Amino acid sequence: MNDLKIRIIEKLNGAYPSIKEALGVSSFENPKNPDHGDISLPCFKFSSLLKKSPNFIAEEFRTVFFNDSSFESVSNINGYLNFKYDKRTYISFVLEKYASGSFFNKMKETGRGKTVVIDYSHPNVAKNMGIHNLRSTIIGQSIYNIYNFLGYRTVGVNHLGDWGTQFGKLMWALEQWSSFGEVEEKGILFLNEMYVRFHTEAEVHPEYEEHARVWFKKLEDGDETALKWWKLFIKVSMDAYNGIYIRLNVKFDHITGESFYIPFLEDTVKKLENKNLTEISEGALVVKFEDTDNMPPCLLKKSDGATLYATRDIAAAMYRLTEFDPYRILYVTDVAQELHFAQVFKVMEMFDPGSKGKFCHIKFGRLSFPNVQMSTRKGNIVPLSEVLDRARDKVIGIIEERNADIADKFTTADKIGIGAVIFNDLSVSRIKNIEFDWDKTLSFDGETGPHIQYSYVRLLNILEKAGLISGKYDTALLEDEFSYELIRCIDRFESKVLQACDENEPSVISNYLIELSKCFNRFYQNNRVVGENADILNSRAFLISTLRTVYGRCMELLGIPQIEKM
RNA sequence: GCACCAUUAGCUCAGUUGGAUAGAGCAACGGAUUUCUAAUCCGUAGGUCAGUGGUUCGAGCCCACUAUGGUGUACCA
């Protein structure tokens, strides 16, 4: 209710012109204790301006609002001037606001005309997708959804790790031990197997590494057999990844791996050289930084002339700047790559000062396993598909235990399992390290994905049983504690979504969803809808249908599947 | 060695730009069910916000130092 804040500001400015500078919309805060009021104006900062105690000031301010019908009450508690809205005015304000489609259109104005490029998921080709790929994929997709909802033009990029010596290793291994047909038939798990076997045997036969280098060189030189292998790796990998992406409802606008930028590399290096940013150091071509930047040099070319990870990312950054003319480019990766991106962004800033501030590393904490050192080389990763399968199977067990009558048990169980896995990941701040724990990932009680989905099912049930509702409501029937609390909670939607976008932090939405769910379940426990008289039924059902809009939208933003029965 | 990040209840975490009595979930204990779906709700118990000092009318939040953990630190990605 910003308009009410503005009215308060205008009234106070009229009475006390000297505080004009210090008083703005941001001067207000939301009381933690709802008994205190709906909005609050702490008067401490006016103390020095008016040379009076905060308590005295609040008392004086209070008299300005005598007989103001917008507020049920205006009170002073220890220097806080607390305003309580007139409940009925507020109820209709919130319901009208969120029930109308124009509100969502208005939110879309936030990002109008701005493009955001989001680089996420980026698995390494020929490696099975593991639980460690989940965070980037889930967080990236959610951030994509949030920007998209706010009207930004969003470009989701899957920057596949599809180039490097590891492919030389695989090619040589497969030439020795396998065939095209076998790879095609057995898929990505077989590639993993071969990769592990290569590393195991290479420990005894170091010369294998040399073979691998030769094969990678063949690939770089465009050798036909090498290319054929490489294309097969990509096909087999994408088939496996797409299965997971479809399951998780993850989508990309561009799938351009590292190999896509290979033709640009020479030109990229030349552009940097032309701006005199490069120098030779210890035989390598590098970009050095100021001492104040406190970073080691960024390597563009090794002493043998080969390009590096950073070179490819710089080429990609240049490409994205010209291709998409973005407002922001977000890189969703592990926190361990912090220095790498700091270097790449700094080089870009030196190359094109206009790009400053456009690049943003959306870093998240590390996923660790108790007592296990995770490594693809050793083959001990936890496959993502196994996590999703185990979650689904556990749900099926619960469904059968409860004898629930669900038409499509398998599909529903999969959606609930996915909801659990996604929510488990998105419910804490990105930066937190996560220790993988089967019990926790597959826990369905309390603040979990299934809880969120369950509340949604309850909500849909009410609407279904309520039948056709009139759309008319009586604010007087929604003044009770539980309805009102729910309405206040619904009203936080706008600021929560904006905050989530501002901080690139999906957990803001997941925590909000828990608040919504709690408010709703309390409402549910205390207020019946179906079976009440027409006036109450229509009013409460209208409230619930408003909740559905907001609640469902939050689930979509996180990528939590919606189900109708569970 | 240096740099960055983290530290809040037994465990996992929230905590808006510094503001009122620091909040949830799990685990523990007690209660509610012929129900619009109990994957729910209500209650009890659980805190030196890692430590010390500083800034401020006011610090979990800002600053400095210390401790513990994590990550990075030029030819891997």
Side-chain angles (χ1 to χ4, degrees), chain A residues 26-27 29-33 36 40 42 44-45 47-48 53-54 77-80 82 122 124 161 163-166 258 281-286 288 294-304 306-310 312-313 334-340 342-343 363 365-366 368 395 398-399 402 404-405 416 420 424 427-429 431-435 437 439-440 443-455 457-466 495-496 499 503 507-508 510-511 514-515 517-518 520-522 524-532 537 540-541 544 565-566:
Chain A
S26 60
S27 306
E29 59 186 59
N30 300 318
K32 283 170 191 160
N33 183 345
H36 285 142
S40 181
F44 307 97
K45 62 163 104 167
S47 192
S48 55
S53 81
I77 306 174
N78 302 326
Y80 288 88
N82 293 322
H122 39 247
N124 285 326
W163 204 251
T165 42
Q166 72 268 32
E258 290 185 79
S281 171
E282 296 174 31
L285 185 71
V286 306
K288 283 197 174 167
N294 202 6
M295 288 191 289
C298 178
L299 268 78
L300 299 175
K301 279 186 174 180
K302 301 200 273 189
S303 36
D304 67 2
T307 57
L308 289 123
Y309 184 40
R312 300 200 268 280
D313 263 347
D334 199 297
V335 67
Q337 301 195 37
E338 204 167 8
L339 174 61
H340 164 73
Q343 290 176 316
K363 49 189 179 252
R366 313 245 328 162
S368 63
V395 175
I398 293 172
I399 291 175
R402 303 163 91 226
D405 179 28
I416 295 172
N424 179 53
S427 59
V428 300
S429 324
I431 200 64
K432 295 270 182 194
N433 288 335
I434 293 183
E435 187 167 273
D437 177 349
D439 289 340
K440 189 162 179 270
S443 135
F444 301 153
D445 294 323
E447 298 175 345
T448 62
H451 169 83
I452 296 298
Q453 291 168 316
Y454 178 71
S455 300
V457 167
R458 279 183 145 184
L459 175 166
L460 290 182
N461 252 318
I462 292 178
L463 293 176
E464 188 193 322
K465 298 222 161 119
S495 69
K496 291 289 181 183
Q499 187 193 344
E503 298 173 4
S507 70
V508 171
S510 45
N511 287 322
I514 286 171
E515 282 179 41
S517 168
K518 256 185 212 154
F520 168 67
N521 277 311
R522 258 197 292 273
Y524 185 93
Q525 207 76 21
N526 293 283
N527 289 348
R528 285 191 64 83
V529 179
V530 177
E532 297 287 336
L537 183 141
R540 288 182 177 165
I544 297 305
K565 298 279 176 210
M566 70 187 275

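Keep in mind that what you see is a predicted model, and the values were worked out from it rather than measured. Lettering of chains follows the sequences in order, A, B, ..., and the numbering in each one begins at 1.
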**Q** Scan R402(A) against the nucleic acid and name what it touches under 4.0 Å (heavy atoms): base, sugar-phosphate only, or nothing.
**A**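 Touches a base.
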**Q** What is the nucleic acid contact for S47(A), judged by heavy atoms within less than 4.0 Å: base, sugar-phosphate only, or nothing?
**A**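 The answer is nothing, as S47(A) stays clear of every strand by at least 4.0 Å.
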**Q** Is the aromatic ring centre of H340(A) closer than 5.5 Å to the centre of the six-membered base ring of rA77(B), with the two planes inclined by less than 30°?
**A**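 No, H340(A) does not stack on the base of rA77(B), since the centre distance and plane angle fail the 5.5 Å and 30° test.
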**Q** Grab the N/O contacts between the protein and nucleotides 43-47 of chain B below 3.5 Å, and write none if there aren't any.
**A**
none

**Q** Counting runs of three or more consecutive pairs, Watson-Crick or G-U wobble, with each distance below 3.5 Å, where are the stems of RNA chain B?
**A**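 Counting only runs of 3 or more consecutive pairs, the stems involving RNA chain B are B:1-7 with B:67-73, B:10-13 with B:23-26, B:28-32 with B:40-44, B:50-54 with B:62-66.
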**Q** Tell me what N527(A) touches on the nucleic acid: a base, only sugar-phosphate, or nothing, going by heavy atoms under 4.0 Å.
**A**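 Contact class for N527(A): base.
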**Q** Tell me whether N511(A) contacts the main-chain N or O of S507(A) through its side chain, where contact means a donor paired with an acceptor under 3.5 Å.
**A**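 Yes; at least one donor-acceptor contact below 3.5 Å.
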**Q** Students often get this wrong, so: under 4.0 angstrom with heavy atoms, is N78(A) touching a base, only sugar-phosphate, or nothing?
**A**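 Result for N78(A) = nothing.
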**Q** Give one of base, sugar-phosphate or nothing for R522(A), where a contact means two heavy atoms less than 4.0 Å apart.
**A**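 Answer is sugar-phosphate: R522(A) comes under 4.0 Å of backbone atoms only.
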**Q** Can you tell me if N461(A) touches the phosphate of rU37(B), counting only side-chain N or O atoms and a distance under 4.0 Å to OP1 or OP2?
**A**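 Indeed, a polar side-chain atom of N461(A) lies that close.
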**Q** I'd like a table of atom pairs between the protein and nucleotides 12-18 of chain B - only N or O on both sides, under 3.5 Å - with the distance next to each one.
**A**
from: rU12(B); atom 1: O2'; to: K440(A); atom 2: NZ; distance (Å): 3.1
from: rA14(B); atom 1: OP1; to: S429(A); atom 2: N; distance (Å): 2.8
from: rA14(B); atom 1: OP1; to: S429(A); atom 2: OG; distance (Å): 2.1

**Q** Nearest whole Å is fine: how far is rA77(B) C1' from L308(A) CG?
**A**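 My rounded result for the distance is 10 Å.
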**Q** Contact class for M566(A) vs. all strands (heavy atom < 4.0 Å): base, sugar-phosphate, or nothing?
**A**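 Base contact.
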**Q** With distance as the sole criterion, is a donor-acceptor pair present between the side chains of S40(A) and N30(A) under 3.5 Å?
**A**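 No pair is found: no donor N or O on one side chain lies under 3.5 Å from an acceptor on the other.
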**Q** Hey, does S40(A) reach any base, or is it just sugar-phosphate, or nothing, if we go heavy atoms under 4.0 Å?
**A**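 Answer is base: heavy atoms of S40(A) come under 4.0 Å of a base.
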**Q** Under a 3.5 Å cutoff, is there a donor and acceptor pairing between the side chains of S455(A) and S517(A)?
**A**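 Yes - a donor-acceptor pair under 3.5 Å links their side chains.
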